[in-house]
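So you know, we letter chains A, B, ... as the sequences are listed, proteins then strands, and number each from 1. From a predicted model like this one, the values you see are computed outputs, not experimental measurements.
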Amino acid sequence: MTVRVRFPPSPTGYLHVGTGRTVLYNWLFARHHGGVMVFRVDDTDAERSTDEYLQDIIEGLRWLGIDWDEGIIVGGPAGEYRQSGRLARYREVARQLVDSGWAYYDFTTPEQLEALRAEAAAAGQSPVYDGRFRLPAEEAEARVAAGEKAPIRFAVPRPGETVFTDAIRGELRFDHANVDDFVLLRSDGTPTYHLASAVDDVDFAITHIIRGEDLLPSTPKHLLIAEAMGAPAAVYAHLSLLTGPDGAKLSKRHGATSLRSYRDEGILAEAMRNYLAILGWSPGTDEEIVSLETMVDRFDLGAVSKNPAVFDLTKLEWMNGVYIRSLDPIEFASRALPFIEQALGRALEPAEGEAFGTIAPLVQERARRLTEVGAQVRFLFAEVEMDPVSWEAVMKGPEAGVALAGARITLEALGTWDKAGIEAALRRLLEDHGLSARKGLQPIRVAVTGSTVSPPLFESLEVLGRERTLDRLRAAEGRLAEGSGLQ
RNA sequence: GGCCCUGUCGUCUAGUGGCCUAGGACGCCGGCCUCUCAAGCCGGUAACGCCGGUUCGAAUCCGGUCGGGGCUGCCA
């Protein structure tokens with residue numbers, strides 16, 4: 001039997017990193033087993049579902065490099081993969097379950113339900129509706145025929161229990177005393193998540209349902225619906241949740257949770273994918289950097305962790321740095337370009353693009369996120385924005401003036417303006433004045449880039465060009481003179 | 001409150017009765033390298049929640065306890 005998994009997002013928000021991890025695991029499982037990945041849309045919540053969110057989810061998947069074999073866009077045997085387009089089917093199943101006695105029209109009022117819950121809470125019992133007000137079938141039918149609106153509830157067998165083996169957690173049992181007669185079809189005729197999701201899983205012949213642990217308490221309901229439909233039970237696997245540093249389910253209050261925001265903040269798709277894969281799954285070796293091929297090759301639900309995992313931004317950034325450094329230099333430059341233009345607020349001129357291409361490899365070694373690149377090369381494309389702290393740190397001593405003036409004079413006279421020439425000239429300068437590289441070069445760096453932190457100096461000057469370098473050295477000398485009260 | 005999941009370094013994890021005086025990775029600390037910052041290299045810090053039991057032997061098995069999390073809607 002071929003493995004069939006599914007990804008059923010409900011488009012009520014941007015693609016969440018936790019959801020991203022869930023899809024990844026489904027995808028890895030499918031690819032590992034040569035199975036089929038189905039992409040359906042759980043949009044039964046018409047109020048909150050939007051097309052914009054669906055687009056974001058699709059883009060997020062593509063960004064991660066996850067594809068699907070059946071479902072929206074690509075189509076498939078089921079034809080319709082949006083739940084909003086399958087409403088008639090859900091009503092049909094609900095009706096069939098009523099006819100077969102697995103479900104019933106319910107006339108309990110919200111007040112009655114509330115009273116029951118309060119009563120149960122007071123008695124220390126499970127607050128579940130056990131169908132005690134269920135009417136005889138004929139009576140219920142008569143009221144429905146008379147035009148009365150009523151939801152359809154599932155008649156959970158009592159006493160009873162649902163037992164299943166979770167692929168990650170082992171055998172799990174749920175006493176039906178704690179499972180209530182849940183609503184299948186709302187009184188307005190729309191299906192609840194439980195009905196729509198379970199029917200789709202049956203209709204699309206899903207064999208493995210890999211989802212978040214938050215759905216664990218709902219599993220008996222889904223298994224019961226499948227049973228009532230006369231369908232074989234799928235294998236369930238519940239993934240632990242992703243949490244923030246405080247241990248609570250990852251949410252907005254922990255910071256960015258959408259995959260999109262990480263992409264926008266300079267995280268590489270391959271790094272995010274690798275990090276998410278390792279967050280809760282171990283390839284079985286000490287490796288942390290794992291190729292996609294290896295993931296597919298080794299993925300196994302039995303090796304997925306049962307514990308919740310804290311989403312550790314620091315480790316993601318480290319991994320992103322590893323991936324950035326492993327990029328082909330040309331590839332790095334082209335991926336970084338949009339971030340530079342974003343930081344600059346304008347597109348780069350052709351000549352500037354060339355300049356960046358020259359210095360890019362040096363920045364590549366230093367960045368953990370693509371967004372850092374802009375700050376590092378800004379001095380090449382804009383006027384110097386002097387960092388006061390940097391200035392204070394290096395312009396204090398008597399060496400500063402000497403280094404600045406000396407550099408200006410020697411570089412002005414320099415023959416060929418290239419890295420080798422610049423380095424030779426400046427090293428000679430240092431020697432002549434008995435300055436250490438550290439003491440002598442920092443003032444020049446700050447004068448030219450505006451900061452104590454920059455790409456290597458000689459290359460930076462080469463790319464900056466003689467005129468701008470000299471201008472900036474003069475400007476710094478002027479500023480130094482003012483600051484020293486010499487003027 | 002009820003039901004359920006879960007518990008190895010700060011974090012992610014390896015570990016399925018002896019190979020564990022518990023391994024790796026991130027972080028952190030120190031050193032080397034060095035024109036700054038990174039990167040790289042070397043070294044260090046740090047954990048089996050607790051209490052019982054089973055066993056010649058327990059991180060690994062059992063019970064309890066404490067802690068963390070999830071669910072508890074005619075949301076998904």
* Contact class for Glu288(A) (heavy atom, under 4.0 Å): base, sugar-phosphate, or nothing? -> base
* Carboxylate-amine/guanidinium proximity below 4.0 Å for Glu92(A) and Arg89(A) -> yes
* Asked: Arg438(A) side chain N/O closer than 4.0 Å to the phosphate oxygens (OP1, OP2) of U36(B)?
  -> yes
* To do: Return no unless some side-chain N or O of Thr44(A) is found under 4.0 Å from OP1 or OP2 of A76(B).
  => yes
* Nearest-neighbour nucleotide for the Pro217(A) side chain, U36(B), A39(B), G70(B) considered -> G70(B)
* To do: Please state the P separation for the pair U13(B) and G7(B) - nearest whole angstrom.
  => 11 Å
* Asked: Ser282(A) side chain: which of A14(B), C35(B), G27(B) is closest?
  -> A14(B)
* OP1 or OP2 of C71(B) under 4.0 Å from side-chain N/O of Lys249(A) -> yes
* Asked: Looking for any heavy atom pair under 4.0 Å, which part of the strands does Arg48(A) touch: base, sugar-phosphate only, or nothing?
  -> base
* **Nucleotide nearest His194(A) when distance is taken to its side chain, options C4(B), A76(B), C37(B)** => A76(B)
* Indicate yes or no: does Arg173(A) engage Glu161(A) in a salt bridge with an N to O separation below 4.0 Å. => yes
* Are Arg173(A) and C4(B) close enough that a side-chain N or O sits under 4.0 Å from OP1 or OP2? -> no
* To do: Determine the contact category for Gly280(A): base if any of its heavy atoms lies under 4.0 Å from a base atom, sugar-phosphate if only primed atoms, P, OP1 or OP2 are that close, otherwise nothing.
  => sugar-phosphate
* To do: Quick one: label Leu457(A) by what it contacts on the DNA or RNA (base, sugar-phosphate, nothing), any heavy atom closer than 4.0 Å.
  => base
* Determine the interatomic distance between P on G17(B) and the same-named atom on C32(B); round to the nearest Å. => 46 Å
* **Same-atom distance (P) from A25(B) to C41(B), integer angstrom** => 10 Å
* **Exercise: do Ser454(A) and Ser451(A) side chains pair donor with acceptor under 3.5 Å** => no
* Structure fact -> Of the candidates C35(B), C5(B), G2(B), the side chain of Arg169(A) sits closest to C5(B)
* Asked: When we call it a touch if two heavy atoms are under 4.0 Å apart, what does Ser187(A) touch: a base, just sugar-phosphate, or nothing?
  -> base
* Asked: At under 4.0 Å between heavy atoms, what does Leu172(A) touch on the DNA or RNA strands: base, sugar-phosphate, or nothing?
  -> sugar-phosphate
* Any salt bridge between Arg158(A) and Asp181(A), counting N to O under 4.0 Å? -> yes
* Separation of the P atoms in G18(B) and G27(B), to the nearest angstrom -> 33 Å
* Interatomic distance at C1', A47(B) relative to G23(B), whole Å -> 12 Å
* Asked: Can you tell which of C26(B), C12(B), U6(B) lies closest to the side chain of Val310(A)?
  -> C12(B)
* To do: Would you indicate what Phe174(A) reaches in the nucleic acid, counting non-hydrogen atoms under 4.0 angstrom: base, sugar-phosphate, or nothing?
  => sugar-phosphate
* Structure fact -> Checking C35(B), G1(B), G27(B) against the side chain of Ala437(A) (C-beta onward), the nearest is C35(B)
* To do: Taking only the side-chain nitrogens and oxygens of Arg445(A), find out if one of them lies under 4.0 Å from OP1 or OP2 of C37(B).
  => no
* Asked: Of the nucleotides C26(B), U6(B), A76(B), which one has an atom closest to the side chain of Asp42(A)?
  -> A76(B)
* Asked: Base, sugar-phosphate, or nothing for Pro308(A), non-hydrogen atoms under 4.0 angstrom?
  -> sugar-phosphate
* Using atom P of each nucleotide, how far apart are U55(B) and A14(B) to the nearest Å? -> 30 Å
* Among the nucleotides C5(B), A76(B), U36(B), which one has an atom lying closest to any side-chain atom of Arg366(A)? -> U36(B)
* Are OP1 or OP2 of U8(B) and a side-chain N or O of Asn307(A) less than 4.0 angstrom apart? -> yes
* To do: Determine the contact category for Thr452(A): base if any of its heavy atoms lies under 4.0 Å from a base atom, sugar-phosphate if only primed atoms, P, OP1 or OP2 are that close, otherwise nothing.
  => base
* Asked: How far does the C1' atom of A38(B) sit from the matching atom of C5(B), given to the nearest Å?
  -> 42 Å
* Identified side chain to side chain contact (heavy atoms under 4.5 Å, CB included) counterpart of Arg86(A) within the set Arg40(A), Arg91(A), Glu80(A) -> Glu80(A)
* Asked: NA contact type, Glu365(A), heavy-atom cut-off 4.0 Å: base, sugar-phosphate, or nothing?
  -> base
* Val183(A) near the nucleic acid: base, sugar-phosphate alone, or nothing, with a heavy-atom cut-off under 4.0 Å? -> sugar-phosphate
* Of the nucleotides C71(B), G23(B), C74(B), which one has an atom closest to the side chain of Pro151(A)? -> C74(B)
* **Between C66(B) and C51(B) - P atom distance, rounded Å** => 15 Å
* State which of C12(B), C35(B), C5(B) makes the closest approach to the side chain of Gln442(A). => C35(B)
* Asked: Can you tell me if the side-chain N/O atoms of Arg153(A) get under 4.0 Å from OP1 or OP2 in C74(B)?
  -> yes
* Within the pair Arg368(A) and A38(B), is there a side-chain N or O less than 4.0 Å away from OP1 or OP2? -> no
* OP1, OP2 of U13(B) versus side-chain N and O of Ser305(A): anything below 4.0 Å? -> yes
* Thinking salt bridges, do Lys396(A) and Glu392(A) make one under a 4.0 Å N-O criterion? -> yes
